[in-house]
Structure formats: C-alpha cells, structure tokens
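Small disclaimer: the values here were computed from a predicted structure and weren't measured.
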Amino acid sequence: MTKYWLGIVVASFFEVSWVVGLKHADSALEWIGTIISIIISFTVLIKASNHLPVGTVYAVFVGLGTVGTVILDIVLFDQEASVMKLGLIGILLLGVIGLKLVSGEAEA
C-alpha cells in the first residue's frame with residue numbers, strides 16, 4: 001500500500017472523529033478537537049488526491065468514513081445492529097476494496 005492510500009485510511013479515521021464530534025461535542029476542548037480533525041482529514045485527502053485518481057480517492061474516503069461512523073454508532077452509542085445493516089456495510093467495504101484494487105496511481 002502506498003503512503004497515499006494509507007493517508008486515505010488516516011483521513012477517514014479523522015473523518016469519523018469529526019462527524020462524531022459535530023454531533024456530540026459539548027465543551028470548547030471537544031470543539032477544538034473536532035476542528036483539528038476536520039483540518040487533518042481534508043489536508044490528507046487533498047494531498048492524496050494530487051497523486052491518486054480523485055474520484056476513487058473520494059469514494060474510498062467517504063466509504064471508509066461511513067463504515068467507521070456506523071460501526072462507532074453501534075459500538076458506542078447503542079444504535080441497532082441489524083443483519084441487514086451489517087450486510088450492507090459489508091457490501092460497501094467490498095466496493096471500497098474493489099475500487100482501490102482496480103485503481104492505479106496517477107502519473108506524477
């Protein structure tokens with residue numbers, strides 16, 4: 001895995017962080033953490049999209065962020081974990097993995 005694809009995974013982690021922060025931040029420190037997560041997430045996303053196909057980068061970023069957010073909702077915030085929901089998350093992950101596998105790096 002190139003450093004840019006690893007960067008997308010890191011950016012997705014921070015995306016999950018800021019999405020949760022937008023809903024649950026109650027203090028100034030939590031809001032600062034949310035803002036820092038937004039900055040890191042989009043900075044890494046932009047840098048990766050300079051070296052990888054932008055459509056695929058964005059799809060992988062949003063897909064991983066969606067999966068992470070749904071899983072975090074289930075684990076930390078007691079959301080329902082139905083078989084259908086988990087199955088669809090699995091399909092989404094397969095799509096993300098498939099996009100990564102069929103995408104080559106853009107020429108520098």
So which heavy atom on S12 is nearest to which on L64, and how close?
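For S12 versus L64, the nearest heavy atoms are OG-CB, 3.5 Å.
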Same hydrophobic cluster for [X] and [Y], using side-chain heavy-atom links shorter than 4.5 Å among ILVMFWY?
| X | Y | result |
| --- | --- | --- |
| L76 | V20 | yes |
| V19 | I32 | no |
| V62 | I39 | no |
| V9 | I40 | no |
| I38 | W31 | yes |

Pairwise side-chain contact, [X] with [Y], heavy-atom cut-off 4.5 Å (strictly under):
| X | Y | value |
| --- | --- | --- |
| I74 | K85 | yes |
| V44 | F14 | no |
| Y4 | V57 | no |
| I71 | V75 | yes |
| F13 | V10 | no |
| L92 | V70 | no |

[atom1] of [X] to [atom2] of [Y]: how many Å apart, nearest 0.5 Å?
| X | Y | atom1 | atom2 | value |
| --- | --- | --- | --- | --- |
| L88 | T66 | CG | OG1 | 12.5 Å |
| I8 | F61 | CD1 | CZ | 7.5 Å |
| W18 | T69 | CH2 | OG1 | 8.5 Å |
| E30 | I35 | CD | CD1 | 12.0 Å |

H24 vs F77 aromatic rings, parallel, tilted or perpendicular, using cut-offs 30° and 60°?
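Correct class here is parallel.
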Quick check against the 3.5 Å criterion: does S49 have a side-chain atom that pairs as donor or acceptor with the backbone of I46?
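Yes; judged by distance alone, with no hydrogens or angles, the pair exists.
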Look at the side chain of S41 and the backbone N and O of A11, then say whether any donor-acceptor pair between them is shorter than 3.5 Å.
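A pair under 3.5 Å: yes.
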